[in-house]
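Working notes, structure below.
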Amino acid sequence: MADKDKYLVKQDAGRTKEVAVAFDLAIGGRRPVVIAGPCSVESREGILEAAVAVKQAGATMLRGGAFKPRTSPYAYQGMGEEGLRCLAAAREATGLPVVTEVMEPADVGLVAEYADMLQVGARNMQNYPLLKALGKIDRPVLLKRGPAATVEEWLMAAEYILSGGNHRVILCERGIRTFETATRNTLDLGSALAAKSMSHLPVIADPSHGCGRRDLVPALAKAALAAGLDGLILEVHPQPEAAISDAAQTLGTAEFSLLMSELGLAPAAADLTHARQQIDALDLQLLDLLQRRMSVAVQIGELKARAGLPLYHPERESVLLENLAAQVGGPLTPNAVREIWQGILRCSRDVQKQFLPESTNVA
């Protein structure tokens, strides 16, 4: 039997099949998915705030850990079932499907009661009893690559789930351990693409764990989608510096909103809000510049008064307007520039009048 026929995961290799997650959401189609939320569920209020923010920015799903596998036994281990209830409440409030990690076979049924998709973390990629249990449920599974796993080992982990009867598996590249110390892990986009070409499963990337550095996450997210992966899973928190876990790699909600806009995945309302915020900031800068210009105009008014010069100098204003109109490039037209600066010059003359005798107010 040929290798591609022997393994379910390798059938139709290179032709990604969509995996249904909710009635209106599938992963592996033309539009990439973006899963966002905090590393850990810390409180009901916190996960609700995060869910609303990522939904407004255009996220497709909500993530949050209720059960947290941690390197140190003294680190925060999650809220357990209460965390699952908080995630369900956030889904109810926003409509976002939920993905969260399951760590033990005994917890699969419990987590499946609350989550729309179950995640197998990197440390559990080769937890074969867990994979077998996930093969028997009617829930999609997000399978993260282990920190030292080859692509073949990653695909064989998926095979455990598929061979149990559950064909709804999504692969997630989350970075591997290398000699590099500048980043937490090394996001291996080459291997992610190899996994995509060697199977029919959708593949997404986790830039947050892939580098462990907030400043690098946006560029890696863009690279993953540009390479052709099917989506992203990102850690996002309303106050990332205060996050209980993975603070250094977590985006703030404003940073996430900007990234979604740059990726072209923000809803129209979010794009409009972002554009209006830019306009508001630019208007404040323009106001500051105009105030400074009028201060200089006041100085000129004082100098004209001392010299007995008239307020209006039509030749100078004509030259100024034509010089400015000649510099136009972009949406502004020369006529628009002339109209804008004619108004500015009128205001300049108005502020100068207070310093000139009445007889010199007109040229």
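What you see below is based on every heavy atom in this structure, not just the backbone, and it leaves out hydrogens, waters and symmetry mates.
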- Item | Steps toward side chain to side chain contact (heavy atoms under 4.5 Å, CB included) verdict (M260, V34) | CA-CA 9 Å; M260 291 294 285; V34 178; 3.9 Å; yes

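By the side chain to side chain contact (heavy atoms under 4.5 Å, CB included) test, L290 pairs with I344, sequence neighbours left out. Every residue meeting the salt bridge (charged side-chain N to carboxylate O under 4.0 Å, His left out) condition with E81, not counting sequence neighbours, appears here in chain and number order: R85. S43 is linked by a side chain to side chain contact (heavy atoms under 4.5 Å, CB included) to E45, counting only residues two or more places apart in sequence or in another chain. In this structure, E92 has no salt bridge (charged side-chain N to carboxylate O under 4.0 Å, His left out) partners at least two apart in sequence or on a different chain. Listed by chain and number, the residues in a side chain to side chain contact (heavy atoms under 4.5 Å, CB included) with A36 are V54, A59, V236, F256 (sequence neighbours excluded). Under the salt bridge (charged side-chain N to carboxylate O under 4.0 Å, His left out) criterion, R139 pairs with no residue, sequence neighbours left out.
Residue pairs meeting the salt bridge (charged side-chain N to carboxylate O under 4.0 Å, His left out) criterion with at least one partner in residues 190-200, sequence neighbours excluded, are K196-D230. Within the structure, salt bridge (charged side-chain N to carboxylate O under 4.0 Å, His left out) contacts touching residues 25-35 (residues at least two apart or in different chains) do not occur. Pairs passing the salt bridge (charged side-chain N to carboxylate O under 4.0 Å, His left out) check and including a residue from residues 103-120, sequence neighbours excluded, read R91-D116. For residues 128-165, every residue pair satisfying the ring pair (Phe, Tyr, Trp, His ring centres under 6.0 Å) rule, not counting sequence neighbours, is listed here: Y128-Y160. Note on residues 19-28: no pairs pass side-chain hydrogen bond (donor to acceptor under 3.5 Å, both in side chains), not counting sequence neighbours.
Considering only heavy atoms from C-beta on, L131 stays 4.5 Å or farther from P129 through its side chain. Taking 4.5 Å as the limit, every side-chain heavy atom of V203 sits out of range of all side-chain heavy atoms of T16. The shortest distance between side-chain heavy atoms of V151 and M198 falls below 4.5 Å. Contact annotation: the side chain of P32 approaches that of L265 to within less than 4.5 Å [non-hydrogen atoms, C-beta and beyond]. By the 4.5 Å heavy-atom criterion applied to side chains, H167 and L8 are counted as neighbours.
Between the S261 side chain and the S257 main chain, no donor and acceptor come within less than 3.5 Å of each other. For E255 (side chain) and G252 (main-chain N/O), a donor-acceptor pair under 3.5 Å exists by modelled atom type. Checking side-chain atoms of R184 against main-chain N and O of R213 turns up no donor-acceptor pair under 3.5 Å. A donor-acceptor pair is defined here as one N or O able to donate and one able to accept, closer than 3.5 Å; such a pair exists between the side chain of E173 and the backbone of D188. The backbone N or O of A336 sits less than 3.5 Å from a side-chain atom of T333, completing a donor-acceptor pair. Remark: the backbone N or O of A90 is paired with a side-chain donor or acceptor of T94 at under 3.5 angstrom. No donor-acceptor distance shorter than 3.5 angstrom exists from the side chain of R338 to the backbone of Q342, with no hydrogens or angles considered. Side chain of D206 to backbone of H209: a donor-acceptor contact under 3.5 angstrom is found. Checked by atom type and distance alone, the side chain of S40 never pairs as donor or acceptor with a backbone atom of E42 at under 3.5 Å. Side-chain atoms of N166 come within 3.5 Å of backbone N or O of L134 as a donor-acceptor pair.
Salt-bridge formation is detected for the pair R292/D288: a Lys NZ or Arg NE/NH1/NH2 atom is positioned less than 4.0 Å from an Asp or Glu carboxylate oxygen. A salt bridge between E152 and K10 is present, with a side-chain N of the basic residue lying under 4.0 Å from a carboxylate O of the acidic one.
Closest approach of L193 and A227 over heavy atoms only: CD2-O, 3.5 Å.
Taking CG from N124 and CD from Q119, the interatomic distance works out to 10.0 Å, rounded to the nearest 0.5 Å. The structure places CD of E317 at 4.5 Å from CG of L345, a figure rounded to the nearest 0.5 Å. Of the inter-residue distances, the one linking N323 atom CG with S318 atom OG reads 9.5 Å to the nearest 0.5 angstrom.
By the rule that hydrophobic residues join a cluster once side-chain heavy atoms approach within less than 4.5 Å of another member, I176 and L220 end up as members of separate clusters.
Donor-acceptor pairing under 3.5 Å is lacking for the side chains of T100 and R63. With no hydrogens or angles considered, a side-chain donor-acceptor pair links Q249 and D246 at under 3.5 Å.
Residue I204 belongs to a hydrophobic cluster whose other members are V19, V21, L25, I27, V33, I35, M61, V99, M117, L142, I170, I233, with links defined by side-chain heavy atoms closer than 4.5 Å.
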